[in-house]
Amino acid sequence: MNNDKQQFLFASAPDSWGVLDYPGPSWEQSYERMLDEMMEAGYRGTELGPYGFFPTDPNVLAPQLLKRGMKLLGSFVPVRMGDPAAGTAVIERIRKVGKLLATLGAPFLVLADDQSDQRNRFSGRAYDKDCPTLSADQWKHVGKIVSDAEKVASEFGLDIVFHPHVATYVETPEECERFFDATSHTGIGLCLDTGHCAYGHGDSVTEAEKYKDKLRFVHIKDCNADVLEQARRNHWTFEEAIEHQVFTVIGQGNIDFPAFFRTLEKNGYSGWSVVEQDVKFGETKIPPAESVAASLKYLLGVVGKLNGAAA
């Protein structure tokens, strides 16, 4: 078997520092210091984060990554997938980030449904009877928008993967199945986020097994089941749950990562996992640099035991 550095590669992302999707105080952090803290923790890759937080000039960003031995992995692109008017927006977004990603050799474009106020009110409670869902016509549009997005992404050599996400219309395992049914004519893969999966009443081991032929990218989050239960009971929005630390340092929550990585190993998954901990900027109990370092130490221990068992 390959050793852990070959089979399981770990990257970080700006959201573990509380970087939001839009400019504000969280964007005033030094991206150079953030990259330093990632490198010092032992990570060798990063996602782009929201477009504009890292330099968008590849001649500026490339040297910053190179001198730290960091690889850029991709960009997260949310789009209102049930909105017929959103097709133009996603194409424009992909073209905007695609050149930067391609120039820097990033392999992935991560597509997700955009958060909506309607679904955010039902975060983690998508099975409630009043929770809004997409209509049959809207699901047809999902298939079209993904097909169009795939064509544009391919122009930049990007592998397009889909991220089921809390507070969107594709949150639960059943909605994920509906998504892949609607997009069966495309080659889109799965980006499985362990924390979002748990939040949406899923099990990451089950989903990794179900989609073993589509799983091409992994986001690693850990989830505090007690806080998640409070979020559901109190009808918290996704942001309110994050403020209450629903996501923890990896290994300190309730997700069974040894079982998850055993499943990945069994199914021959080889590649990147992006370690994330969605936090509210300025209100972390543990400094992000310490959190991401502790998370990686735990994960390397998990995959190291897999290697030991195989030997």
Side-chain angles (χ1 to χ4, degrees), residues 21 47 74-91 93-94 107-128 131-154 158-221 238 260 263-264 267 269 274 276:
D21 289 338
E47 283 200 347
S75 179
F76 182 78
V77 178
V79 60
R80 297 189 306 276
M81 305 196 75
D83 181 358
T88 300
V90 70
I91 298 306
R93 178 74 179 272
I94 293 173
F108 295 107
L109 185 121
V110 183
L111 195 69
D113 189 26
D114 201 2
Q115 286 187 214
S116 67
D117 291 339
Q118 294 84 358
R119 282 297 294 249
N120 201 4
R121 291 195 291 268
F122 288 87
S123 293
R125 300 184 298 110
Y127 295 113
D128 287 10
C131 182
T133 59
L134 295 182
S135 68
D137 285 342
Q138 286 175 311
W139 278 114
K140 289 180 182 179
H141 178 68
V142 169
K144 181 181 185 304
I145 202 168
V146 169
S147 180
D148 291 344
E150 182 180 45
K151 291 175 184 175
V152 178
S154 68
L158 297 171
D159 183 8
I160 190 168
V161 292
F162 182 75
H163 182 318
H165 200 287
V166 176
T168 76
Y169 285 94
V170 190
E171 176 178 314
T172 69
E174 289 79 7
E175 288 167 339
C176 188
E177 289 178 10
R178 187 73 184 269
F179 172 85
F180 280 109
D181 284 344
T183 61
S184 60
H185 58 294
T186 75
I188 193 168
L190 173 66
C191 172
L192 176 58
D193 186 303
T194 57
H196 283 262
C197 182
Y199 208 121
H201 293 275
D203 175 78
S204 54
V205 172
T206 301
E207 297 302 290
E209 182 67 29
K210 183 193 303 182
Y211 295 105
K212 60 185 177 182
D213 296 329
K214 293 183 178 293
L215 182 57
R216 301 204 288 266
F217 199 29
V218 172
H219 282 187
I220 296 291
K221 288 187 185 70
F238 188 40
F260 180 68
T263 301
L264 296 187
N267 292 335
Y269 179 88
V274 179
E276 299 179 326

Could you tabulate the donor-acceptor pairs under 3.5 Å formed by side-chain atoms of residues 139-146, not counting sequence neighbours?
unit_1: His141; atom_1: NE2; unit_2: Asp83; atom_2: O; d: 2.9
unit_1: Lys144; atom_1: NZ; unit_2: Asp148; atom_2: OD2; d: 2.9

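Rounded to the nearest 0.5 angstrom, Asp21 CG and Phe76 CZ are separated by 7.0 Å. To the nearest 0.5 Å, atoms NE2 (His163) and CG (Asp193) are separated by 3.5 Å. The distance from the CZ atom of Phe179 to the CE atom of Met81 is 4.5 Å, given to the nearest 0.5 Å. Residue Tyr199 holds its OH atom at 5.0 Å from OG of Ser123, rounded to the nearest 0.5 Å. Atom-to-atom distance recorded for Leu215:CG and Tyr269:OH is 5.5 Å, nearest 0.5 angstrom. One finds the CD atom of Glu171 at 11.5 Å from the SG atom of Cys176 (value rounded to the nearest 0.5 Å).
Side-chain atoms of Glu209 never come within 3.5 Å of backbone atoms of Val205 as a donor-acceptor pair (strictly under, hydrogens ignored). The closest donor-acceptor contact from the side chain of His196 to the backbone of Val166 lies under 3.5 Å. Asp113 places no side-chain N or O within 3.5 Å of a backbone atom of His165 that could act as its donor or acceptor partner. Of the possible donor and acceptor atoms, none in the side chain of Arg119 sits under 3.5 Å from a partner among the backbone N and O of Ala167. Checked by atom type and distance alone, the side chain of His201 pairs as donor or acceptor with a backbone atom of Gly124 at under 3.5 Å.
Residues His185 and Ser147 meet the side-chain proximity criterion, which asks for heavy atoms closer than 4.5 Å. Residues Ile160 and Ser154 form no side-chain contact, since every pair of their non-hydrogen atoms from C-beta on lies 4.5 Å or further apart.
Partners of Phe260 under the ring-ring contact (aromatic ring centres under 6.0 Å, His included) rule, at least two apart in sequence or in another chain, do not exist in this structure. Taking the salt bridge (charged side-chain N to carboxylate O under 4.0 Å, His left out) definition, one finds that Arg216 meets it with Asp159, sequence neighbours left out. Evaluation of the salt bridge (charged side-chain N to carboxylate O under 4.0 Å, His left out) rule for Asp128 yields Arg125 as partners, not counting sequence neighbours. Evaluation of the ring-ring contact (aromatic ring centres under 6.0 Å, His included) rule for Phe217 yields Phe108, His219 as partners, not counting sequence neighbours. Shown here are the salt bridge (charged side-chain N to carboxylate O under 4.0 Å, His left out) partners of Glu177, two or more places apart in sequence or in another chain: Lys210.
The 12-atom threshold is exceeded at CZ of Arg93, counting heavy atoms of other residues, nucleotides or ligands nearer than 6.0 Å.
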**Prompt:** What's the verdict on side-chain contact (heavy atoms from CB on, under 4.5 Å) for Thr194 and Lys221, showing C-alpha distance, side-chain angles and the deciding distance?
**Reply:** CA-CA 6 Å; Thr194 57; Lys221 288 187 185 70; 4.3 Å; yes

**Message:** Run the side-chain contact (heavy atoms from CB on, under 4.5 Å) test on Phe162 and Thr183 for me, step by step, so that the C-alpha distance in whole Å, both residues' side-chain angles and the decisive distance to 0.1 Å come before the verdict.
**Reply:** CA-CA 10 Å; Phe162 182 75; Thr183 61; over 6 Å; no

**Item:** Stepwise side-chain contact (heavy atoms from CB on, under 4.5 Å) test for Leu111 and Val90
**Value:** CA-CA 9 Å; Leu111 195 69; Val90 70; 3.8 Å; yes

**Message:** Working note: Phe180 + Ile188, criterion side-chain contact (heavy atoms from CB on, under 4.5 Å); need CA distance, chi angles, decisive distance, verdict.
**Reply:** CA-CA 8 Å; Phe180 280 109; Ile188 193 168; 4.1 Å; yes

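Of the N and O atoms on the side chains of Tyr127 and Glu174, at least one donor lies less than 3.5 Å from an acceptor on the other residue. No side-chain donor-acceptor contact under 3.5 Å links Asp181 and Ser184.
Using a 4.0 Å cut-off between a side-chain N of Lys or Arg and a carboxylate O of Asp or Glu, Glu175 and Arg178 do not qualify as a salt bridge.
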